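Chain identifiers are assigned alphabetically (A, B, ...) following the order of the sequence lines, protein sequences preceding nucleic acid strands; residue numbering begins at 1 within each chain. Computed from a predicted model, the values in this text were never measured in an experiment.
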Amino acid sequence: MPPRFELPPQYAPHDVERRLYDRWLERGAFTARVDSPREPYVIVMPPPNVTAVLHVGHGLNNVIQDVLIRFERMRGRAAEWLPGTDHAGIATQNVVEKLLAAEGKTRFDLGREAFVERVWQFVKETGPAILEQLKVIGCSADWSRARFTLDPAYSRAVREVFVRLWEEGLVYRGHRVIHWCPHCLTALSDEEAEFHDTTGNLYYIKYPVVNGSGFVTVATTRPETLLGDTAVAVHPADQRGRPFLGKKVRLPIADVEIPVLADESVEKEFGTGFVKVTPAHDSNDFEIGVRHKLEMPLVMTEDGHMAHPTRVPKGLAGLDRFEARKQIVRMLEAQGLLVKVEPHQHALRRCYRCDTVVEPRLSDQWFVKMKPLAEPVLAAYRDAKFQIVPERWRATFENWMENIRDWNISRQLWWGHRIPVFTCTACRHQWADRQDPTRCPKCGGPVEQDPDVLDTWFSSWLWPFATFGWPQRTADLARFYPGHTMVTAPEILFFWVARMLMSGYHFMDRKLPFTTVYLHGTVRDTQHRKMSKSLGNGIDPLDVVRLYGADALRWTLIAGSSLGADLILDPNDLETTFAPGRNFANKLWNIGRFILSQLPERVQPIEALDVKALPLADRWILSRLQATLAEATASLEQFRLDEGGKRCFEFAWKELADWYVEAVKPRLPAETTSPGAAGAQSVLAYCFDAVLRLLHPVVPFITEELWQKLPGRRADDLLAVAAWPTPRPELADPDADRQFPLVQEAISSIRMLRAEYRVPPKARLRAAVRPKTEQVRRALAGERDTILRLAQLAELAFDGQRAVVGAHAVLADGSDVFVALEGEIDLQQECRRLADELTRVERQLSGLAAKLTNRNFVARAPAEVVAKEREKERAWRDQRQALADKLKSLGCS
RNA sequence: GGGCGAAUAGCUCAGUUGGUUCAGAGCGCCUGCCUUACACGCAGGAGGCCGGGGGUUCGAAUCCCUCUUCGCCCACCA
C-alpha cells in the first residue's frame, strides 16, 4: 500500500497559511450566527488606530484574544470576536497634518471641510491595512462585523450618549485650567497628559516690596509664567508671611503690582514658603485665584508663545515659552532678582500623542461628571460582578475609581465626532440635539454648533455595545451584549477599560460589558525598553511571519508570556527568539508525516478497542493524553495560555513522538497487518487528532493543515470549527502511569551506560533485569521489544541472578538493570561510578533518616507526609542495597 | 511622596495551596549519532549557596521583615 501522502520533510508555512485562512473565511468559520442556539462567547477587539501599522504589541494582544476565541469556539460556544478600528482623533489628525506640511500647507489652508475630507481619504486607505495584517497572523475575528468609530451608525450612538448625559445633567461646561498641548492645539484629558520624571531647575526669584524695603522670594520651575502672576501667596500660619500680608510686591519684567495674600493651600515646607500665583497657567493657582477673586490673564498663545497686551514686554512678545524662560532668567539675573537656581526632580506632563510638554491653560471645555458613573461600577467590582486578571491590579483600579475626576471631553480638533451642542445666536439658548437643528426651538433664531470634537475615547468607551447597533435594539445587540473577556494592556485600563465598564453599566441597563478584564504584559527588548518605532527596537510581526511562519510567531508570543508578565524579546536575534516555534511546527509536521504514512484509509475509532487489553505503551499514552487534555483545558480557562501550550508541546513532542511513536514502530509497517497494528493505528490517530485540536488555538495553521489530512476527513471538515476533545476518564490508567516510566527508565539507564562507556552506536549489547516485583517483571517483559530496540540490545533477560559482567543501574523502584560490557568494561571505572552513585543515594538517605528520626517531624508533620517519606526511604534503601551488592560482587574496594 | 511588580542555569522564563527523585523548560554550550518522520532532528552531558541579611517552621525557591538593583503605576509641593 503506498503512503497516503507524499509530504516534504520540512514544513513550509507560506504554502498553507494563505490558503487555509481563505478557507476559513469562505466557510464563515469566524462569524457567529445570531440565530445559533449555542451560548455566545464574545470578545470585542481593542480597535487599533486607523493609522497604526501592526507591531508586535498588537500581535501579542490579538494572538491572546485569538487563542481564547478559538478555544471557546471549539468548546461549542457561538464565538464572536468583533474587530474594528478607532478614528484616533489627535493621532490621525497629526499624521495628516504632517502630510500637508510636506506639501507646504496647513489644515487652515484647506479649511475644516476640505481637511476632514482629506483625512477620510487617508484613513480609507490606511484603515483596513492593519486588519489585513491581523489576518496574516491568523486572527479569527468576525470581519463581517468590523466597525469603525466614525461609521454613521456608530456616530449615532456617540451622539445619543452625549445627549443623554446632557439631559441627565452629567455634561457641563467648565471654566478652568486644563492640560493644553501647544503642538496639537487642543485640550487633553488628565489621562492624556502623561507624567514623565524630569530633572529641571527650581528658580528662586525676588519680587521687590512696593512702598517699602525688602523682597519676597518665590520658587518656580517655570519662570516664564511670572508674567501671568496676579498674587504671591503664603500659608496663613507661616510667620514669615506676617510682615508682607496685605502689602504689594512688584512683578519684575511685567512691571505690575500684585498682592501678597494668605492661602491654606500653600505648603510651608516647600521652597521659601512663598508661592507665585499664576491663575491662568496652573490649576492650583487657579483655585487660589477663584478663592481670592484674582485676575487671570493668559500670557501665552495657544501654540505656546508669549503674548499679552500689557504684561509681556516687546522683547519677549512672540517668543516660544522655553526661549522666553531663558530670556527671562537672563533678565532677572541682570536685575539682580535671581537668587539661585537649584536642580529639581519633578514630573512633567507631556502630550501622549506628540510628547510636547503640556501647558496648563485656562479655558472653557466640556466635562463629564464621573463620580455618578464610577460609583456603581466600583461597587460591582467589589461585589465580584467582574474580575481583573491578574488580581494584583485591584488596588490600582479601585484607587483610580475612588478618586475619579471629571473628564474633559472636548478637543479643539477637526477630526472626530463634532460636539452636538447648539447655541442660538439670538437668544443664547444652548442645548444638545440628536438631530442637526436649523432654528432655535425657543425663539426660532439662527443656531450654530460647537466647533469642537469629542475626545476619541468618548467614542471608544461605547465599543462593546455601539458596535452591535445600539441605540437600535438589534438582534446582534441582544445576542452579543454583554460580552465576556476584555484583553488589553494595563496602559489603557483607565483610558478605556474603566470607561467602558461605566458606559456599559449606565447605558445598558446596569449590564457590565464583560466579566473578565485580562491585562497582559508589555513587549520589551532585552534592555527592558518598551518596543517602539522611535527607539528602533521593534519587531515587525510580518517579518517574523515571512521568515518563520505565523505559527512560530504565535508560539513565541504565547509560550513566552505568563499571566500578566512582560515579554522580553530580542529584536536583534529573531532566529533565537522565534526558532522554538518554528522548530515545534516542524516537529508537528514530521510527527504528522510519519503517522499519516502509517494509517490506512479507515482507522478503527478508539471506542471500538478493548483498551484494557492494549499493550502498556498504548495504555500509557492514552492516559497521558487524558491528563494533558484536563491540564490544558484548565490552564486555558485560567488564562494561563503559556502553561496550556507548553503542556501540549510536552505531550506531542516528549511523550507522543519521543516515546510512543518509537515504541510502536515495529507494530506499524503500513504494508503488513502485524499483530497489534490496528490498535496502534487507532491510538496514534486518536492521540494525534486530539493533540492537534488542543494545539489549534495557539498554532492554528499547521494543526489545521495536518488535521485535514487525517483519515476519515471530509473535504469540508475544518479544525477551526471542530470540537474540543471530549474527556474520556475511562482512559486514565494509573497503573500504566506508574509502569511505563520504568520502561523509560530502563532504556535511559542503559543508554546512559552506553554513553558513559563509549559503546559504539552500532554495537548490540546483552542486558538483564532483576525486577523488584512480579508486576514490574510483567510490565517490563511486556515492553521487551521496545527496550531491546530503543536501548540497542541484542538480548534482554529477566533472570538478573545470572551473573552478567558489566555495568549496573538501579531503577526508581529498586529493580536492577545489568548491561554486559565484556572486554569493554573498565572495572576500576565501574567501581568508581557505582561508588559515586552510592554516595548520592547515601546522601538522600541520610537526609531522609534525619527527618524521620526527628521527633518533631514525626509528631508534627501530617501523617500522610510522614508515610510518604517512609516509603521513599524504603525505595532508597533498596537502591542502596542493590548498589552495595553489586560493588561487592565486582570486588570493588 | 504613595502603591505594585520583578530578581531562579550563559540568555528568556516556569515553579499555583511550604514537604529532597521540583531545583525544571526552551534557546545556547559540550560529546556522540544522517538509527529510512524530523540535523528546524536523535541520544547522552556540563552548568544554579533559587539577589544579600534576618525571622517563622520539624521543614522555605515557596511565608514574614529588611536591604540592594531594575521596572511600572498613581500623586495639584509650585
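- The six-membered or imidazole ring of A/F495 lies near that of A/Y352, with a centre-to-centre distance under 6.0 Å.
- Across all strands shown, A/H235 has no heavy atoms under 4.0 Å from either base or sugar-phosphate atoms.
- Sequence order on RNA chain B of the closest nucleotides to A/F649 and A/K762 puts A/F649 first from the 5' end.
- Remark: B/C63 base-pairs with B/G55. Criterion, Watson-Crick or G-U wobble with two distances under 3.5 Å.
- Under a cutoff of 6.0 Å and an axis angle of 45°, A/K646 and A/F651 do not form a cation-pi pair.
- Between A/F649 and A/W653, a ring centre-to-centre spacing shorter than 6.0 Å is recorded.
- Pair check for B/C4 finds B/G71; Watson-Crick or G-U wobble, both atom distances under 3.5 Å.
- For the pair A/R349 and A/F195, the cation-pi test (distance below 6.0 Å, angle within 45°) is passed.
- Within 4.0 Å (heavy atoms only), A/R405 reaches sugar-phosphate atoms of the nucleic acid but no base atom.
- A donor-acceptor pair is defined here as one N or O able to donate and one able to accept, closer than 3.5 Å; no such pair exists between the side chain of A/S815 and the backbone of A/D813.
- Remark: B/G47 base-pairs with no nucleotide; criterion is Watson-Crick or G-U wobble with both hydrogen-bond distances under 3.5 Å.
- You'll find that the side chain of A/W653 is closest to B/C42, out of B/A37, B/C42, B/C40.
- The nucleotide B/A9 finds no pairing partner, because no Watson-Crick or G-U wobble arrangement with both distances shorter than 3.5 Å includes it.
- A/V661 comes within 4.0 angstrom of a nucleotide base, judged by non-hydrogen atoms across all strands.
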Could you write out each protein N or O paired with an N or O of nucleotides 11-17 of chain B at a distance under 3.5 Å?
| residue | atom | partner | partner atom | Å |
| --- | --- | --- | --- | --- |
| B/A14 | OP1 | A/S562 | OG | 2.4 |
| B/G15 | OP1 | A/R640 | NH2 | 2.7 |

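- Nucleic acid contact class of A/D282 (heavy atoms, under 4.0 Å, all strands): none.
- With the nearest nucleotide of RNA chain B identified for both A/P580 and A/K268, A/P580 has the one nearer the 5' end.
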